[in-house]
Number of protein chains: 2
Amino acid sequence: MPASSIRARVRAEMIDEIKAVARRHLASDGADLSLRAVARDMGMVSSAIYRYFPSRDDLLTALIIEAYQALGDAVEAADAAVDRADLRGRWHAVCRAARTWALAHPAEYALLYGSPVPGYAAPVDTVLPAQRPPLTLLGILRDGVAAGRITPPDDDLPEPVRADLAEIAAGLFPGLPEALLARGMAGWTQLFGLISFDLFGRLDPVVPHRDAYFDHQTALMADLVGLP
Amino acid sequence: MPASSIRARVRAEMIDEIKAVARRHLASDGADLSLRAVARDMGMVSSAIYRYFPSRDDLLTALIIEAYQALGDAVEAADAAVDRADLRGRWHAVCRAARTWALAHPAEYALLYGSPVPGYAAPVDTVLPAQRPPLTLLGILRDGVAAGRITPPDDDLPEPVRADLAEIAAGLFPGLPEALLARGMAGWTQLFGLISFDLFGRLDPVVPHRDAYFDHQTALMADLVGLP
DNA sequence: CAAAATAGAGAGCACTGCTCTTGACTCCGG
DNA sequence: CCGGAGTCAAGAGCAGTGCTCTCTATTTTG
């Protein structure tokens, strides 16, 4: 077995190195990752890469999953670092962590939340990691309701919307009122609109003080969801 | 002059046809537009295209500008079709028009609001057309304040944010209070987060009733900006 | 009517993802 | 311990890409 596992170990290291090099290329050259360039950087010929990843899309998928995990880690760590009772502080911490990670890894962020690559369909493996960030953000609301520190709004929801949200709540946030979930999703949506606008240069000409603007915008949504 | 203008006319028609074919390719094949494919569809050789567009990026820029104009037209028409005093009706009309246009032209929407193409920087010509949609949406707030039908919130803004917003208001929305502008931009941001999530498949598994969800989400932001 | 400008074709360069074959190396069971 | 099996990297090659350059018609213009 040790003989076999030394091969397996080398192979695993190889895969890790390919991913690392690919991530570096992603960061410097943008989203159009070139397999051949990665191979060149590793002193291999391009066809050798196919021993480890059956196609370029599979490499991209691996990078996407790792990026989701990295973002999820960053967001959850930020949340965990704040006193559980300080709901507003947690909200801001999560939002800021997401933006900070995005600014530090723009190409990977674009991979996750930018326009989908034409021929590429995200495989199922990405679904769970993709849920971690919103789970963390909306988990704050769940905690707030459970602690009686958020009074759920009494928005009247159209029946189909209420049903959809009830389904989501049942699966992911048991006990979270539908109307509050709706507001939370508005905050979640606005957060990624904000980050995208920021990252994709849409605020460049008009908003010089990006950090303060971001905080104020997320504070508006914190108000909307009723954080004390 | 007529002799010269017949050539100019043919040339203009040629440019239009190239753009039309390119738009068709964009719609069917996604964002990775191939010059050679466009040339093939027109019965030309690829190098002939370069008589009309100096590079692929210039073709893309032309398409982007036209797309902004089309979105701007759709949004402004939707706004104009509603009674000026019906602020909330106008808000919903504008939001729906933006989403409807995006759903009808997903590839062009991705070109405008998706991740930026790596080597490509949007030229200045795109700035003005790009401003039309947010101008329309936030114009509703300006009208509401002017008519005394919106009472501006008294959020306290950090000084740098207030200054940035004052600058924007001075240039584009004279008389619009900074705090209200901030909330309006939150609505604008959330709108495009919503559309992006919808279009890029992020809501696929969780929200079956997309239309109703969209209306409710934009209604939340209408509340936030204080529409009666 | 000749000169100048323009349109299109064709070849070619450097690049891409991907496949297939070929030769070398490592591992494992008899 | 040694021979078959599995694994790995290399190289050639295919079809595609954006783009440039040259050459030949055609049209416009002085």
Side-chain angles (χ1 to χ4, degrees), chain A residues 1-19 21-22 24-26 28-64 107 111 116-121 123, chain B residues 1-19 21-22 24-26 28-64 107 111 116-121 123:
Chain A
M1 164 158 334
S4 137
S5 67
I6 167 177
R7 249 221 186 156
R9 214 187 36 134
V10 168
R11 184 179 174 82
E13 279 173 12
M14 219 40 181
I15 289 181
D16 278 355
E17 194 181 337
I18 292 177
K19 287 197 280 194
V21 172
R24 234 169 43 219
H25 267 84
L26 220 52
S28 65
D29 293 4
D32 48 356
L33 181 68
S34 156
L35 259 184
R36 289 179 117 110
V38 172
R40 260 195 306 273
D41 258 32
M42 300 196 50
M44 305 172 95
V45 101
S46 73
S47 59
I49 300 277
Y50 287 85
R51 294 271 160 202
Y52 302 93
F53 293 93
S55 80
R56 199 193 78 128
D57 280 1
D58 290 86
L59 213 195
L60 274 182
T61 299
L63 294 178
I64 287 176
L111 224 54
V117 183
Y120 177 80
Chain B
M1 163 163 331
S4 136
S5 67
I6 167 178
R7 251 227 181 149
R9 213 187 37 135
V10 168
R11 184 178 175 82
E13 280 171 10
M14 215 49 179
I15 290 182
D16 279 355
E17 194 181 337
I18 292 176
K19 286 197 281 194
V21 171
R24 234 170 42 218
H25 267 85
L26 220 52
S28 65
D29 293 5
D32 48 356
L33 181 68
S34 158
L35 260 184
R36 289 179 118 110
V38 171
R40 262 195 304 273
D41 258 32
M42 301 196 49
M44 303 171 95
V45 100
S46 73
S47 60
I49 299 277
Y50 287 84
R51 296 271 164 204
Y52 302 93
F53 293 93
S55 80
R56 199 193 78 127
D57 281 0
D58 290 86
L59 212 196
L60 274 183
T61 300
L63 294 177
I64 286 175
L111 224 54
V117 183
Y120 176 81

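Proteins get letters first, then strands, A, B, ... in listed order; numbering begins at 1 in each. Just so you know, these numbers use all the heavy atoms, side chains as well, and skip hydrogens, waters and symmetry mates.
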What's the [atom1]-[atom2] distance between [X] and [N], to the nearest Å?
| X | N | atom1 | atom2 | value |
| --- | --- | --- | --- | --- |
| B:Leu35 | C:dT16 | CG | C1' | 16 Å |
| B:Asp32 | D:dA15 | CG | P | 20 Å |
| A:Asp57 | C:dT16 | CG | P | 16 Å |
| A:Leu59 | C:dT16 | CG | C1' | 15 Å |
| A:Asp58 | C:dC18 | CG | C1' | 13 Å |
| A:Phe53 | D:dA9 | CZ | C1' | 17 Å |
| A:Ile49 | C:dT16 | CD1 | C1' | 14 Å |
| A:Arg56 | C:dC15 | CZ | P | 17 Å |

- Query: The side chain of B:Tyr50 lies closest to which of these nucleotides: D:dG18, C:dT21, C:dG17?
  - Reply: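 So the nucleotide nearest the side chain must be D:dG18.
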Verify the contact: side-chain N or O of [X] to OP1 or OP2 of [N], cut-off strictly under 4.0 Å; return yes or no.
| X | N | value |
| --- | --- | --- |
| A:Arg40 | C:dT16 | yes |
| A:Tyr52 | D:dA9 | yes |
| A:Ser34 | C:dC15 | no |

- Task: Using atom types as modelled and distance alone, determine if a side-chain donor or acceptor of A:Arg56 lies under 3.5 Å from a backbone N or O of A:Leu33.
- Result: yes
- Assert: residue with more 5' nearest nucleotide on DNA chain C, out of A:Ser47 and B:Ser46, is B:Ser46
- Message: Can you work out whether A:Arg36 or A:Arg51 has the more 5'-proximal nearest nucleotide on DNA chain C?
- Response: A:Arg36
- Could you check whether B:Leu33 gets within reach of a base, just the sugar-phosphate, or nothing at all, counting any heavy atom under 4.0 Å?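 Touches sugar-phosphate only.
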- Query: How would you label the contact of A:Met14 with the nucleic acid (heavy atoms, under 4.0 Å): base, sugar-phosphate, or nothing?
  - Reply: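 Since only primed, P, OP1 and OP2 atoms lie under 4.0 Å of A:Met14, the category is sugar-phosphate.
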- Can you name the side chain to side chain donor-acceptor pair (under 3.5 Å) partners of A:Thr61, sequence neighbours left out? A:Tyr120
- Query: Sequence neighbours excluded, which residues qualify as side chain to side chain donor-acceptor pair (under 3.5 Å) partners of A:Arg51?
  - Reply: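 Here no residue qualifies.
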- Measuring from B:Asp32:CG to A:Asp32:CG, what's the distance to the nearest 0.5 Å?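 Those atoms lie 11.5 Å apart.
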- What distance separates B:Met44 CE from B:Tyr50 OH, expressed to the nearest 0.5 Å? 12.5 Å
